[in-house]
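As structure tokens, the structure follows; a few thoughts come after it.
So you know, we letter chains A, B, ... as the sequences are listed, proteins then strands, and number each from 1.
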Amino acid sequence: MHDTPRPAPPLEIHDLTVAYHRKPVLYGIDLEIPPGQLVGIVGPNGAGKSTLIKAIMGVVPAASGWIKIFGEPFKKNLTRVGYVPQRESVDWDFPVNVMDVVLMGRYGQLGLIKRPSRRDYEIARECLEKVQLLAYADRQIANLSGGQQQRVFLARALAQESDLYLMDEPFAGVDAATESAIVTLLQELKNRGKTILVVHHDLPTARSYFDMLLLINTRVVAFGPTDEVFTPELLQTTYGGRLTILSEVIQQVGSSAR
Amino acid sequence: MSFRSAALLVLITLLCCVTPAEAAKISDVVETGTLEQARRFFSLTDNSLRYALFGSILLGISCGLLGSFLVVRKMALVGDALSHAVLPGVALGFLWNMTKDPVAIFIGATSAGLFGTLVVGWITRTTRLKEDAALGLVLASFFAVGGCLVTMIQRLPTGSKSGIDKFLFGQAAALSSQDVTLMAASTALTVILLVLFYKEFLVTSFDPVFARVTGMPVRLLQELMMLLLAFSVVVALQAVGVVLVSAMLITPAAAAYLLTDRMHRMLILAALFGSLAGVVGAFFSFLGNNLPTGPFMVLGASTVFGTAFFFAPRHGVVPRWWRRRSRGNRISRENTLKAIYRVLEDRGFSDEGVTLEELSALRRDTLVEIRLQAAALAQNGLATVDEPRGTIHLTPQGWRQACAVVRNHRLWELYLTNAAHYQADHVHEDAERIEHVLGEETVRHLERRLEFPHHDPHGRIIPSLREFDRYDAQRAPEKPSGYRQQ
């Protein structure tokens, strides 16, 4: 007789509008992300992909609407969200080594003043092992390749031990080896029931990497399983007139659908 | 971390030993000989000298610590603007009751400094101007207001003896016990807060967005940092002066930044350098009978920075130059070895030693040059030179290195033609450079990739590992045979 109440979705967005200087970047976004999904956020430059991620975390103020993380406002569920920023967002000459950065992933759980414990170091080492960077733990972060730097950020997010991960272009400017390592890692996270949102800029790979796609261009154009959403019509709507870059991809989609 | 806390404790204890209002001001002391002055400085008998010294050390510590954060956050200009913006506050604090009341001046200066930073924020938010322009604006206009006020005060009947002019270039000798107490309190506060919130300040400096996402009160921390910065600038004013206090923020921290790759070490080093500079400044100011302290302190700090700039092991100019030079020497030696190998190879490894003439013909170099190259090999134990006969003989080590560099050259040529599809006549130049940098790991990889080749694209034999160990090959009639399955 008693229906157990449906657990709150990892992410629920209702009528979200974000504006920079009164020009809307995101407009009336409604979204509900089911748990355990690997979701790609795809759209043209300036479509508001990164802004969406930042709005979810409250870094960019919302003009209207609300966002819930596992049924609560972000502030109440901070520790359940892991974040991978764009690689260019920090100064890589900063005097810290790889271990220092990964430990920062533990700071949220630690709270103010408390120092990382032996257990935190252990977790950080495990996360470094997962991205194959344990051997680089003592390196200053400037002495890493772009792909390795990206994996440091990934390890830091893993160290957050969250349930919902928000990643801003983790594949941007990385080598092929790093790209496949990241894909494996994302799959593994998903298999452990985590929900992952990834801002992605490369359409051809988007199709194979993600279970679900969110096509976005100021508005949500489409959201659903990759097979259903990755259609010529929807992609065309998302990318508007900018078809020169995409016509090829869309043709491929068309031909492989036959 | 504990090092700084311990150092601080020691300082505070020392300060407690200072009994105020005993000795005369340093400025009252009649002129004495330099040596005598130096002796007095180090014997620390003079109370006001003690104040000057402790004050300088304290300001070095707090400026070094906070300056480190300014440097890594690329906010050096903020320190500059803040320190100039406090001047009108100093003057107003003085005008409050026409004496150099440290507390009134502290309050006035801190509020003026914070007000200055507020104006900077306000300008950047409401106009298209970027932060650097806003900082420049505020720095100059606040300083101008302060300058006017200071001149006005000096024109007042009591003004000329006010000592307010000391705030421009600093006079550590004018520090009173009250000043030093204020400095100690401000430095203690800085050290305690930085130790407690080290991880918070670290992450907010490195990646503020991430810090915010993990729930750190980023805004609060940043404001706290500005407040501490204002405190230490203000308490440092008396000793360094408005004009140069920003140098005490930036210079020790910049020197520390060149010496280490970890934030906590940078903080400790910067505090150390800062206090060292403080002592140097106080010493020379004392030695020269109350010369302005600020310039000497900053010179001390700049000397430390200059030393770090030139000699820092990893980032310094001299070690970098040295590394480049020794790499250049190694490349030149390897080229000589390669030439010797070629001469030996051309005559089928039949005879011992290579004459200087043969080498000079192959390398198209003068005999003088070749002699120098041979000497360089001999010096590194790679060859011996038989002066009377004019021949060079490789040592076993020299032979191995010669084989290695020839192998690298030929493997790379082969790789370029086979795998990267270069034309055979295009590959030599590239291999000339690559041969010196290929590591063993890469060589193994190339060998596997090329399936252990025998010949390079020009048909020459690639020396294999077996040849390496067979130093006798030079004497043996048998030719090196390339890679062969054992």
Please round to the nearest 0.5 Å and tell me the distance separating atom [atom1] of [X] and atom [atom2] of [Y].
| X | Y | atom1 | atom2 | result |
| --- | --- | --- | --- | --- |
| B:Thr214 | A:Leu110 | OG1 | CG | 10.0 Å |
| A:Met104 | B:Leu202 | CE | CG | 4.0 Å |
| A:Leu78 | B:Arg212 | CG | CZ | 11.0 Å |
| A:Asp93 | B:Lys74 | CG | NZ | 8.0 Å |

**Q.** Among B:Thr260, B:Val72, B:Val71, residue most engaged with chain A (heavy-atom pairs, under 4.5 Å)
**A.**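 Counting heavy-atom pairs under 4.5 Å, the top option is B:Val72.
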
Q | Option that, when pairs with chain A are counted at under 4.5 Å, heavy atom only, ranks first among B:Arg73, B:Met266, B:Met263, B:Met216 | A |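 Most heavy-atom pairs within the cutoff with chain A belong to B:Met263.
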
Q.
Counting C-beta onward and ignoring hydrogens, is there a side-chain heavy-atom pair between A:Asp100 and B:Phe206 closer than 4.5 Å?
A.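 A side-chain contact is absent here, since even the closest heavy-atom pair is not under 4.5 Å.
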
Q.
Within the 4.5 Å heavy-atom criterion, are A:Phe153 and B:Asp207 side-chain neighbours or not?
A.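 When only atoms from C-beta onward are counted, B:Asp207 and A:Phe153 do touch, with a gap below 4.5 Å.
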
Side chain from CB out, backbone as N, CA, C, O: work out which of these in [X] comes under 4.5 Å of a heavy atom of chain A, or both, or neither.
| X | result |
| --- | --- |
| B:Ser68 | neither |
| B:Phe197 | side chain |
| B:Pro208 | neither |

Heavy atoms from other residues, nucleotides or ligands near [atom1] of [X] exceed 12 (cutoff 6.0 Å):
| X | atom1 | answer |
| --- | --- | --- |
| A:Glu122 | CD | yes |
| B:Arg219 | CZ | no |
| B:His315 | NE2 | yes |
| A:Arg192 | CZ | yes |
| A:Tyr27 | OH | no |
| B:Arg314 | CZ | no |
| B:Gln222 | CD | yes |
| A:Trp66 | CH2 | yes |

Go through the atoms of [X] and report whether side chain, backbone, both or neither lie under 4.5 Å from a heavy atom of chain B.
| X | value |
| --- | --- |
| A:Gln109 | neither |
| A:Val101 | side chain |
| A:Ile141 | side chain |
| A:Asp138 | neither |

Q | Verdict with reasoning, B:Val209 to A:Tyr83, per side chain to side chain contact (heavy atoms under 4.5 Å, CB included) | A | CA-CA 10 Å; B:Val209 173; A:Tyr83 174 48; 3.8 Å; yes

(Q) For B:Tyr257 versus A:Pro95, what's the shortest heavy-atom pair and its separation? (A)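 That would be CE1-CD, 3.9 Å.
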
Q: Return yes if some donor-acceptor pair links the side-chain N/O of B:Glu200 with the main-chain N/O of A:Ile113 below 3.5 Å, else return no.
A: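 Checking the backbone N and O of A:Ile113 against the side chain of B:Glu200, a donor-acceptor pair under 3.5 Å is found.
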
(Q) For the backbone of A:Lys114 and the side chain of B:Lys199, can you confirm whether one donor and one acceptor N or O come within less than 3.5 Å of each other? (A)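 Checking the backbone N and O of A:Lys114 against the side chain of B:Lys199, a donor-acceptor pair under 3.5 Å is found.
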
